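For reference, the structure discussed in these notes is given below.
In this text the structure is predicted, and so the values were computed from the model without any measurement. For the numbers below, each heavy atom of this structure counts, side chains included, while hydrogens, waters and symmetry mates do not. A note on names: the letters A, B, ... follow the listed sequences, proteins ahead of strands, and every chain is numbered from 1.
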Protein chains: 2
Amino acid sequence: MVAATPRRQPTLDEVAERAGVSRSAASRVINKAPHVSRATREAVERAIKEMGYRPNRTARALATRQTGIIALAVSHDDPELFADPFFAQVIVGVSAAIEDTDLHLLLCLASSGRGRSRLMNLLHARGVDGIMLMALHGDDPLTSIVAQAGLPAVHGGRPLHGEPQWFVDSDNLGGARLATEHLIALGRTRVVTITGQMFTQVGEARYRGYREAMIMAGLVPHGTAEGDFTEAGGAAAMKTLLDLHPDLDAVFAASDKMAAGALRVLSDAGRSVPADVAVVGFDDLDIAERTDPPLTTVHQSIQALGKEMARMLIGLIGGQEPTSIVLPTRLVRRDSA
Amino acid sequence: MVAATPRRQPTLDEVAERAGVSRSAASRVINKAPHVSRATREAVERAIKEMGYRPNRTARALATRQTGIIALAVSHDDPELFADPFFAQVIVGVSAAIEDTDLHLLLCLASSGRGRSRLMNLLHARGVDGIMLMALHGDDPLTSIVAQAGLPAVHGGRPLHGEPQWFVDSDNLGGARLATEHLIALGRTRVVTITGQMFTQVGEARYRGYREAMIMAGLVPHGTAEGDFTEAGGAAAMKTLLDLHPDLDAVFAASDKMAAGALRVLSDAGRSVPADVAVVGFDDLDIAERTDPPLTTVHQSIQALGKEMARMLIGLIGGQEPTSIVLPTRLVRRDSA
DNA sequence: CCCACGCCTGGAAGCGGTCCCAGAAACACT
DNA sequence: AGTGTTTCTGGGACCGCTTCCAGGCGTGGG
């Protein structure tokens, strides 16, 4: 037998009764609606305090058709991908943005087909007020699922070839251009690049930035190898590039991890950085400070990205007109270039 | 003007009407309740399909008093702490556990006072069915908030000095003992330890494991320095220990990061690892493979921890009797010991 | 003095489901 | 044919809140 009944939360009716007013009056007080006399307000407020009343979220949601919950969906085939600190940063940013609203964050790892259908259900069942999508590749079914549900949605990062949607993204193109221009300003002319996967929007944009900077400077792109954003991939790409273009004097790697791999390979090949070869990365992860030599790289604020996504979503839910946002990136100079 | 009205989701009433049955009948079909004739079931199922009906989550929640949402709350003073991959792993584990239920995961970063009060509201407002708590230090107000809300709750990691609660935890004590025994088995007798903060349960348990193993082997704990689980802290502690006990021949560091710091200091001091000094870490993070030499360490599965927490919470919500769980740890041998 | 107009108020109809219950229909058995 | 049992059915009362609306009560102007 349980000793004490786990006392039910008081309801609005009970509060109203105790305050000696109608439920509607009590409701008005709680929602700070106009047309409430001072006496009524005070009576209700006292009752609320005395009874420890909290409006039931679910009931309110049913009546207002607003759940007070927004979802962050991370869609990818590999659930392990979520372990990338990237997402943790996004979450920190989102949390900061909703910190002083009464919204809450629902997290959906929609990797498997199962996960996607769960998410689909959630959206159609009106379980959330809006959704933030991340890590979609071009033709992710989620895009259309979300569109079909007719819910406010914002994308983190631009879909590669999607219908026009509202998104928040880092300025990958501008950042890559910045990096490349920096290398050129250093007097390097035989600048090569290690790209990310070209079927991702990020990979493509960073490559385009490199290319544009080279062309604007009257140089020809000196060499390109596709990596996969990982350290191993960067190392492999660097080897290829050294073989094909032994005269290279600078490398723009589209991610810090790839840059780290490249640095290792360069050092093994006896090229000194930055004297022989200057290297710039992208992302400004923690590791950028710990490579040898410390990596000059392009900084992007992932927290800011999360924050802006959430802000934008809140705006959309509130009926605001959407506008896409591109967040600035900036060069962080260390020793590798 | 908007072109087309964003058609409302159909309701159960509409489905029932279309199927030519009562709402109760339709509800029974949806919930696979008994006492439904074949004809009724088929008619309703057809109507559902044709209209694309999905039961409204909120309405159902109100009626059943079950939201279908569980919360994971991470409480800590520093919001940046969440960036630690640890939590991402927990989340992956939790997600795996709820993958084939229709539960969803709400994430609360309750660092600030503001965050805590939001969480408190959520719980009292019956916004979730249960909660998983992480990263509390001893007297975190969350503990009592949760208890007071009378909601199913499970702790990740044992509270340091809390009332008896239900928890899932890695076997920190056993793991530390394992590590220390390994060092002793190697013939080392002057084994020192770098502990985590002793006001954390983890720090305390890992220290106790070290101590017990030493005593069981008839040795006396040779030296102890308190770190803070970080690389810098580990390095500082290692310096202290070298000063105080220049004759040490083995180190058990209570985290891989601290071990990494210690390795650096040892190398700078001209001690070779493992020849002069054997080192064992704890956690088996990615970095353990990349230290020089690769780190022998104690492996714990964080994903499993998350998974078990979620399973346990689901059980509690279902009315099961709670049982705490201690997850096994195991030694991973690399080159440092 | 009467009426129009303002602020407050409580009643009641919702939001979209679940679930209890009484009764109808179908079947088996004396 | 009458009775009992079982299966199926729809009516309706909830869950706890918001919100519309009609009416009560003061005011001030005509």
Looking at B/L123 and B/A149, what are the two nearest heavy atoms and their distance?
CB-CB, 3.9 Å
Approximate separation, where rounding is to 0.5 Å, of A/L133 CG and A/H155 NE2:
4.5 Å
Taking the side chain as every heavy atom from C-beta outward, state whether B/L151 and B/D129 have any pair of such atoms under 4.5 Å apart.
no
Return the residues of residues 58-71 of chain B meeting this criterion: a heavy atom under 4.0 Å from some atom of DNA chain D. Order them by number, or give none.
B/L62, B/A63, B/R65
With sequence neighbours left out, what residues match B/F86 under ring pair (Phe, Tyr, Trp, His ring centres under 6.0 Å)?
none
Euclidean distance, atom CZ of residue A/R23 to atom P of D/dG16 [Å, nearest integer]:
11 Å
Whether over 12 other heavy atoms sit under 6.0 Å from A/E17 CD
no
Atom CD of A/Q148 and atom NE2 of A/H124: how far apart are they, to the nearest 0.5 Å?
4.0 Å
Between A/R8 and A/E14, is there a side-chain N and carboxylate O pair less than 4.0 Å apart?
yes
Grab the two heavy atoms, one from B/A16 and one from B/A26, that are nearest each other, plus how far apart they are.
CB-CB, 4.1 Å
Rounding to a whole Å, what distance do you find between A/N56:CG and D/dC14:P?
18 Å
In this structure, how many angstroms lie between the P atom of D/dC15 and the CG atom of B/L12, rounded?
19 Å
Taking for each residue the nucleotide of DNA chain D bearing the nearest heavy atom, is the 5' side occupied by B/T40 or by A/R54?
B/T40
CD/B/E308 to OG/B/S170 distance, rounded to the nearest 0.5 angstrom?
11.0 Å
Could you work out how much the helix from C/dC1-D/dG30 to C/dT30-D/dA1 bends, comparing the axis of its first five pairs with that of its last five, to 10°?
60°
Rounding to an integer number of Å, can you tell me how far A/R57 CZ sits from D/dT18 C1'?
16 Å
Please determine if B/E42 and B/R38 form a salt bridge, counting it only when a charged side-chain N lies under 4.0 Å from a carboxylate O.
yes
Go through DNA chain C in 5' to 3' direction and return only the first and the last nucleotide with some atom under 4.0 Å of chain A's heavy atoms.
C/dC7 to C/dG16
Check each residue of residues 25-35 of chain B for a non-hydrogen atom within less than 4.0 Å of any atom in DNA chain D, then write out the ones that pass by number, or none.
B/A25, B/R28, B/H35
Starting from P on D/dT7, measure out to CZ on B/R38 and report it in whole angstrom.
18 Å
D/dG16 C1' sits how many Å from A/E17 CD, rounded?
15 Å
Quick one: CG on A/L119 to OG on A/S75, what's the gap to the nearest 0.5 Å?
8.5 Å
Between side-chain atoms of residues 48-58 of chain B and protein atoms elsewhere (two or more places apart, or another chain), which donor-acceptor pairs fall under 3.5 Å?
unit_1: B/E50; atom_1: OE1; unit_2: B/R18; atom_2: NE; d: 2.9
unit_1: B/E50; atom_1: OE1; unit_2: B/R18; atom_2: NH2; d: 2.8
unit_1: B/R54; atom_1: NH1; unit_2: A/N121; atom_2: OD1; d: 3.4
unit_1: B/N56; atom_1: OD1; unit_2: B/T58; atom_2: N; d: 2.7
unit_1: B/N56; atom_1: OD1; unit_2: B/A59; atom_2: N; d: 3.0
unit_1: B/R57; atom_1: NH2; unit_2: B/G68; atom_2: O; d: 3.2
unit_1: B/R57; atom_1: NH2; unit_2: B/D102; atom_2: O; d: 3.0

Take B/F87 and A/I91 through the test side-chain contact (heavy atoms from CB on, under 4.5 Å) and record every step on the way to the result.
CA-CA 11 Å; B/F87 295 105; A/I91 290 170; over 6 Å; no
Starting at the 5' end of DNA chain C and moving along, which residue's nearest nucleotide shows up first, B/T11 or A/S37?
A/S37
Taking for B/D13 and for A/S22 the nucleotide of DNA chain C with the nearest heavy atom, the one nearer the 5' end belongs to A/S22
What is the distance from atom CG of A/L72 to atom CE of A/M309, rounded to the nearest 0.5 Å?
6.0 Å
